**Student:** 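Have a look at the structure that comes next, please.
Computed from a predicted structure; not experimentally measured. What's counted below: heavy atoms across the whole structure, side chains too, no hydrogens, waters or symmetry copies. Within every chain, numbering begins at 1; the chains are lettered A, B, ... in the order of the sequence lines, protein sequences first and strands thereafter.
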Amino acid sequence: MPELPEVETVVRGLKGVLPGRRIVEVRLGKTDFIEDPVALGQHLPGLQIASVRRMGKFIVLDLVGANGNAQEFTLLIHLGMTGQIVTCAPAAPIAPHTHAFFALDDGREMRYTDIRRFGQMRILTDAAREKALGKLGIDPLEGSRAEFIKSIGGRRRHVKALLLDQHVMRGMGNIYTDESLFRARIHPKRLGSNLSGDELQKLHKVVQAVLNEAIRLRGSSISDYVDSEGRRGEFQLRHRVYHREGKKCLRCGTTIRRAIVAGRSSYFCPSCQRAPRIRSRGRAIHKKS
DNA sequence: CTTACGGCCTGGGTGC
DNA sequence: TGCACCCAGGCCGTAA
């Protein structure tokens, strides 16, 4: 599942081949994951890719007119769960579930493959881009410690829900949230506002360390994630709790457990990550029986 | 206002 | 061999 480290790895790969290239042709298969496929097909051909960026889990392609045409567009791509972007020769075999082909002026091709089509593709004007990306929360690698502490520590929500919420923090997904909480020894059901100053600082440090290590290892390949050159990542070998239900905690030997928190499967060590004592906001705690 | 939660989209993997 | 079911991320509607 592409989260911040996987998207960062893909973007770094694309940065080596896309900037300066002009899109000469667009071919589409299934289009239900594209916001406006007609507009995409009309506007993209002829535009030049000025830059490739990552915003949270979004891949952002900044496009400019090639012939002094000042009209600027942005192609926004979200990989969802199973999205892949690769560049290859046009003659390369076509992977199943490949739904978009972008022919480039150097004779190569960028392809979008997505088994489940939970991904998303949108072409936006500059104004619409600000609206779409402006709601995202802080980048966990770029934001200051103070910003991090403010956005987590001031909220009465499960810390897991806060880390996963793209409007609070952009880029974290289920894997890196669970791995970070384990390393910080914080239970996913703790409330942000109940974390101590030390715990918030520790969490901030650990989130950055986990993400940076995962980027160094080119992300986690759980099922089918590959980068823009088709390579798998290796951070899955460093997972300490994610998908390890029933196995022993690598730190203390306790059995790793799974629980639904924030609507997501959450893996944690019940010894290293102590559950909060109070269950939730009690309205009718003392029920007469 | 804030937060919690269920449903929806899709299709590969799993288990009977 | 078939097939019902689970699950994933993001978003939206609803309820408290």
**Student:** Quick one: is A:Arg156 getting a side-chain N or O under 4.0 Å of the B:dT2 phosphate, OP1 or OP2?
**Tutor:**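 Checking B:dT2 against A:Arg156, no side-chain N or O comes under 4.0 Å of OP1 or OP2.
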**Student:** Test your reading of the model: is there a side-chain donor-acceptor pair from A:Gln273 to the backbone of A:Ile186, 3.5 Å cut-off?
**Tutor:**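 The answer is yes, because a donor-acceptor pair under 3.5 Å joins these two groups.
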**Student:** Within the side chain of A:Glu179, is there an N or O that forms a donor-acceptor pair under 3.5 Å with the backbone of A:Val241?
**Tutor:** yes
**Student:** Look at A:Arg258 and C:dC7 and indicate whether a side-chain polar atom (N or O) is within less than 4.0 Å of OP1 or OP2.
**Tutor:**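 Result: yes.
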**Student:** How many whole angstroms separate atom CZ of A:Phe33 from atom P of B:dC8?
**Tutor:**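 After rounding, the reported distance stands at 23 Å.
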**Student:** With centres under 5.5 Å and planes under 30° as the test, does A:Phe118 stack with C:dG9?
**Tutor:**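 Stacking is present between C:dG9 and A:Phe118, given that their ring centres fall under 5.5 Å apart and the planes under 30°.
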**Student:** Are A:Asp139 and A:Arg54 ion-paired here, with the side-chain N under 4.0 Å from a carboxylate O?
**Tutor:**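 A:Arg54 and A:Asp139: salt-bridged.
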**Student:** Using heavy-atom distances to pick each residue's nearest nucleotide on DNA chain C, tell me which of A:Gln120 and A:Met81 is more 5'.
**Tutor:** A:Met81
**Student:** Considering just the side-chain nitrogens and oxygens of A:His97, establish if one lies under 4.0 Å of OP1 or OP2 belonging to B:dG11.
**Tutor:** no
**Student:** In terms of relative ring orientation, are A:Phe58 and A:His78 parallel, tilted or perpendicular, with 30° and 60° separating the classes?
**Tutor:** perpendicular
**Student:** Within this structure, what is the CZ-to-C1' distance between A:Arg117 and C:dG10, rounded to whole angstrom?
**Tutor:** 16 Å
**Student:** Tell me whether the side-chain N/O atoms of A:Arg116 come closer than 4.0 Å to OP1 or OP2 in B:dC9.
**Tutor:**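 The answer is no; no side-chain N or O of A:Arg116 sits under 4.0 Å from OP1 or OP2.
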**Student:** Can you measure A:Tyr176 atom OH to C:dG9 atom C1' for me and round it to whole angstrom units?
**Tutor:** 15 Å
**Student:** Which one, C:dC7, B:dG12, B:dG11, comes nearest to the side chain of A:Lys30?
**Tutor:** B:dG11
**Student:** Find the distance A:Asp114:CG to C:dG10:P and express it as a whole number of Å.
**Tutor:**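 It is 13 Å, rounded to the nearest whole Å.
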**Student:** Between A:Arg27 and A:Glu109, does any side-chain N to carboxylate O distance fall below 4.0 Å?
**Tutor:** yes
**Student:** Counting the atoms with a prime plus P, OP1 and OP2 as sugar-phosphate, which does A:Arg155 contact under 4.0 Å by heavy atoms, base, sugar-phosphate, or nothing?
**Tutor:**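 Counting heavy atoms under 4.0 Å across all strands, the contact made by A:Arg155 is with sugar-phosphate only.
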**Student:** Give the rounded distance in Å between these two atoms: CD of A:Glu245 and P of C:dC6.
**Tutor:** 16 Å
**Student:** Between C:dA8 atom C1' and A:Leu164 atom CG, what is the distance in whole Å?
**Tutor:**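 Between C1' of C:dA8 and CG of A:Leu164: 12 Å.
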**Student:** In whole Å, I'd like the distance from the CG atom of A:Leu133 to the P atom of C:dG10.
**Tutor:**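 Atom CG in A:Leu133 sits about 14 Å away from atom P in C:dG10.
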**Student:** By the 4.0 Å heavy-atom rule, please label A:Arg170 as base, sugar-phosphate, or nothing.
**Tutor:**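 Since no nucleic acid heavy atom lies under 4.0 Å of A:Arg170, the category is nothing.
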**Student:** So, under a plain 3.5 Å distance rule, would you say the side chain of A:Arg264 forms a donor-acceptor pair with the base of C:dG9?
**Tutor:**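 Yes.
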**Student:** Can you measure A:His167 atom NE2 to C:dG9 atom P for me and round it to whole angstrom units?
**Tutor:**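 In whole Å, C:dG9 P and A:His167 NE2 are 16 Å from each other.
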**Student:** Could you tell me whether A:Ser265 contacts a base, only the sugar-phosphate backbone, or nothing, with contacts defined as non-hydrogen atoms closer than 4.0 Å?
**Tutor:**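 Sugar-phosphate, no base atom in range.
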**Student:** If you check every side-chain atom of A:His158, which of B:dA4, B:dG12, C:dG9 has the closest atom?
**Tutor:**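 Given the options B:dA4, B:dG12, C:dG9, the side chain of A:His158 is closest to B:dA4.
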